[in-house]
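We count residues from 1, following the sequence as given. All values reported here derive from a predicted model rather than from experimental measurement.
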Amino acid sequence: MGKVRVSNIKVYANHGCLKEETIIGSDYQVNVEVDADLKKASQTDELSETVDYVHINHIVKEEMSIPSKLLEHVAQRILNRIFSEIPIAKKVKVAVSKINPPIGGDVQEVTIILKSKR
């Protein structure tokens, strides 16, 4: 077993329950961790045998571009796509952070984390 982490994917997106949030948008940061059997890739040196981090980045950017009210919804879509498109993924953890959320205080970020396994 092994892990592939893609850390601090920065995205500007239009998520939120407030109408203003979906119009103005905000900065987000996404972290993805995928557990998979990487033994074959370590022996064959073939991209097709591993978790392609370029593919992970692509999934995150596509799903983050679809406005949602809740970060939980976006994270679940990312999880679903990873399991659907990356057959060797066994466990996936997705963390979506909204940077400087408009919650009436000095808050650096809010983060939701979803985990799932096959």
If a pair satisfies ring-ring contact (aromatic ring centres under 6.0 Å, His included) and one of its residues is in residues 95-115, list it, with sequence neighbours excluded.
-> none
With S97, which residues qualify under side chain to side chain donor-acceptor pair (under 3.5 Å), at least two apart?
-> T111
Enter the distance from K115:NZ to L79:CG here, rounded to the nearest 0.5 Å.
-> 11.5 Å
Would you please name every residue forming a salt bridge (Lys or Arg N to Asp or Glu O under 4.0 Å) with E109, sequence neighbours left out?
-> none
Straight-line distance of L71 CG to I112 CD1, nearest 0.5 Å | 5.5 Å
In sequence, state the C-alpha distance, the side-chain angles, and the governing distance for I88 and V51, and then conclude on side chain to side chain contact (heavy atoms under 4.5 Å, CB included).
-> CA-CA 7 Å; I88 68 168; V51 176; 4.0 Å; yes
Calculate, to the nearest 0.5 Å, the distance between atoms CD and CD1 belonging to E33 and I113 respectively.
-> 10.5 Å
Linking directly or through intermediates, with side-chain heavy atoms under 4.5 Å: list the remaining ILVMFWY members grouped with I24, chain and number order.
-> Y12
For residues 52-61, which residue pairs qualify under salt bridge (charged side-chain N to carboxylate O under 4.0 Å, His left out), counting only residues two or more places apart or in two chains?
-> none
Minimum-distance pair of heavy atoms, taken over all atoms of E72 and L114 | O-CD1, 3.5 Å
With S68 via side chain to side chain contact (heavy atoms under 4.5 Å, CB included) - residues at least two apart = H15, H73, V74, R77
R118 side-chain N/O to F83 backbone N/O, donor-acceptor pair under 3.5 Å = yes
Given the rule that I, L, V, M, F, W and Y join up when any side-chain heavy atoms are under 4.5 Å apart, are I99 and V96 in one cluster?
-> no
Check whether any side-chain heavy atom of V92 sits under 4.5 Å from a side-chain heavy atom of S116, and report yes or no.
-> no
Provide the full list of side chain to side chain donor-acceptor pair (under 3.5 Å) pairs with a residue in residues 34-43, sequence neighbours left out, each pair given once.
-> K3-D35
Tell me, do D27 and N100 make a side-chain contact under 4.5 Å, heavy atoms counted?
-> no
Got a second to check how far I78's CD1 is from I9's CD1, nearest 0.5 Å?
-> 7.5 Å
Does one hydrophobic cluster hold both V34 and M1, with members joined at side-chain heavy-atom distances below 4.5 Å?
-> no
Nearest 0.5 Å please: distance from the CE atom of M64 over to the CG atom of N14.
-> 10.0 Å
Provide the closest heavy-atom pair for P101 versus V107 in the form atom of the first, atom of the second, distance.
-> CD-O, 3.4 Å
Linking I/L/V/M/F/W/Y whenever any side-chain heavy atoms sit under 4.5 Å apart, do L47 and V54 land together?
-> no
Shortest non-hydrogen pair, V94 vs V30, comes out as CG1-CG1, 4.3 Å
Mind jotting down which residue pairs meet the side chain to side chain donor-acceptor pair (under 3.5 Å) criterion with at least one end in residues 81-93? Sequence neighbours excluded, please.
-> H55-E85, E62-R81, E63-R81, R81-E85
Please report the C-alpha distance between V4 and I56 in whole Å, then the side-chain angles of each, then the deciding distance to 0.1 Å, and finally whether the side chain to side chain contact (heavy atoms under 4.5 Å, CB included) criterion is met.
-> CA-CA 10 Å; V4 173; I56 299 276; 5.6 Å; no
Who are the side chain to side chain donor-acceptor pair (under 3.5 Å) partners of N8, not counting sequence neighbours?
-> Q29
To the nearest 0.5 Å, atom SG of C17 lies from atom NZ of K69 at 7.0 Å
